[in-house]
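Scope of the values below: all heavy atoms of this structure, side chains included, with no hydrogens, waters or symmetry mates.
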Amino acid sequence: MKTGELITGRPKSEAGARVVTLPEIIVGDLTWHLQRFSESAPDGLVFVGEKGAQLRRSNFTKVWAKAITEAGIPKIHVRDLRHTGNTLAAMTGASLKELMARMGHSSTKAAMVYLHTSKDRDRVIADALGEIVKAGLKNESKGDRGDDPLADQPTVG
């Protein structure tokens with residue numbers, strides 16, 4: 001806390017207590033980190049200070065700033081990673097409910113805070129819509145209305 005008080009325990013909501021599946025590509029790096037820098041107990045801290053104690057806001061900011069500088073990463077805040085992760089997850093096509101479960105949110109309002117747009121996504125969305133239209137036109141030219149939910153509806157005009 002800003003007051004210097006350390007709070008440990010359960011997440012703020014039941015939705016916060018969850019299992020999150022990680023991309024296979026990062027499992028090796030995470031395992032490496034856990035073996036070298038984390039507490040070994042199943043409920044141990046993943047990130048600890050230089051002397052093995054729980055991190056405090058007052059010293060973590062300095063450690064974080066040094067790490068991103070040494071890594072050549074643009075200046076970002078740790079919280080930015082949560083925004084980035086949720087936005088990238090959304091870009092995979094995840095539904096809002098899936099994103100809420102993944103992020104540990106119990107309300108859509110909380111989840112929406114972490115969703116952002118991407119310039120590239122508008123093109124991807126437009127192209128995907130175009131493919132749906134092409135598939136529909138292809139089926140219609142064959143006289144096949146396929147899985148069209150409106151196929152049995154009377155036409156107007």
Side-chain angles (χ1 to χ4, degrees), residues 1-2 7-38 42-47 55 57 60-157:
M1 303 295 291
K2 290 182 181 180
I7 298 176
T8 59
R10 304 268 314 146
K12 290 186 265 184
S13 72
E14 284 305 310
R18 65 206 185 279
V19 173
V20 179
T21 304
L22 301 173
E24 288 293 327
I25 194 167
I26 69 167
V27 170
D29 290 330
L30 181 58
T31 301
W32 182 88
H33 172 88
L34 292 171
Q35 290 170 348
R36 286 162 184 80
F37 303 109
S38 301
D43 62 345
L45 298 172
V46 175
F47 300 101
L55 289 171
R57 180 187 300 231
F60 179 75
T61 303
K62 295 172 195 162
V63 172
W64 177 255
K66 180 181 176 187
I68 63 172
T69 299
E70 288 178 5
I73 298 171
K75 185 178 180 181
I76 58 173
H77 299 283
V78 173
R79 198 71 176 169
D80 294 337
L81 299 176
R82 193 161 164 82
H83 289 262
T84 301
N86 206 36
T87 299
L88 291 173
M91 290 171 72
T92 70
S95 70
L96 183 56
K97 279 292 205 183
E98 291 166 330
L99 294 170
M100 288 172 62
R102 190 167 180 80
M103 294 291 289
H105 292 137
S106 55
S107 74
T108 56
K109 184 177 179 181
M112 295 301 287
V113 168
Y114 293 95
L115 288 175
H116 304 280
T117 60
S118 167
K119 294 176 196 172
D120 300 335
R121 284 295 295 162
D122 196 38
R123 176 78 276 154
V124 171
I125 293 166
D127 290 346
L129 289 169
E131 291 303 316
I132 292 169
V133 171
K134 283 182 196 175
L137 291 173
K138 184 177 176 183
N139 286 338
E140 195 170 287
S141 70
K142 291 180 181 178
D144 175 19
R145 296 195 67 184
D147 295 330
D148 182 355
L150 301 177
D152 298 328
Q153 301 296 316
T155 56
V156 178

Is there a side-chain contact between [X] and [Y] (heavy atoms, below 4.5 Å)?
{"X": "Leu55", "Y": "Trp64", "answer": "no"}
{"X": "His105", "Y": "Val113", "answer": "no"}
{"X": "Phe47", "Y": "Phe60", "answer": "no"}
{"X": "Thr84", "Y": "His116", "answer": "no"}

Closest approach of [X] and [Y], non-hydrogen atoms and distance?
{"X": "Gly104", "Y": "Arg18", "result": "N-NE, 3.3 Å"}
{"X": "Leu115", "Y": "Asn86", "result": "CD2-ND2, 3.7 Å"}
{"X": "Ala111", "Y": "Leu96", "result": "CB-CD1, 4.0 Å"}
{"X": "Leu99", "Y": "Ala89", "result": "CD2-CB, 3.5 Å"}
{"X": "Glu98", "Y": "Gly93", "result": "OE1-O, 4.4 Å"}
{"X": "Ser107", "Y": "Met100", "result": "C-CE, 3.5 Å"}

Starting at [atom1] of [X], measure out to [atom2] of [Y] and round the result to the nearest 0.5 Å.
{"X": "His83", "Y": "Thr87", "atom1": "NE2", "atom2": "OG1", "answer": "8.0 Å"}
{"X": "Met103", "Y": "Tyr114", "atom1": "CE", "atom2": "OH", "answer": "6.0 Å"}
{"X": "Ile76", "Y": "Ile68", "atom1": "CD1", "atom2": "CD1", "answer": "6.0 Å"}
{"X": "Leu129", "Y": "Glu131", "atom1": "CG", "atom2": "CD", "answer": "10.0 Å"}
{"X": "Asp29", "Y": "Leu22", "atom1": "CG", "atom2": "CG", "answer": "11.5 Å"}

Return yes if some donor-acceptor pair links the side-chain N/O of [X] with the main-chain N/O of [Y] below 3.5 Å, else return no.
{"X": "Arg102", "Y": "Lys97", "result": "no"}
{"X": "Asp80", "Y": "His77", "result": "yes"}
{"X": "Arg36", "Y": "Thr31", "result": "no"}

Neighbour count >12 (heavy atoms, 6.0 Å) for atom CE, Met91: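 Yes, CE of Met91 has more than 12 neighbouring heavy atoms, counting only those of other groups under 6.0 Å.
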
Next on the checklist: Surrounding CD1 of Ile73 (heavy atoms of other residues, nucleotides or ligands, distance under 6.0 Å), is the total greater than 12?
Outcome noted: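 Enclosed.
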
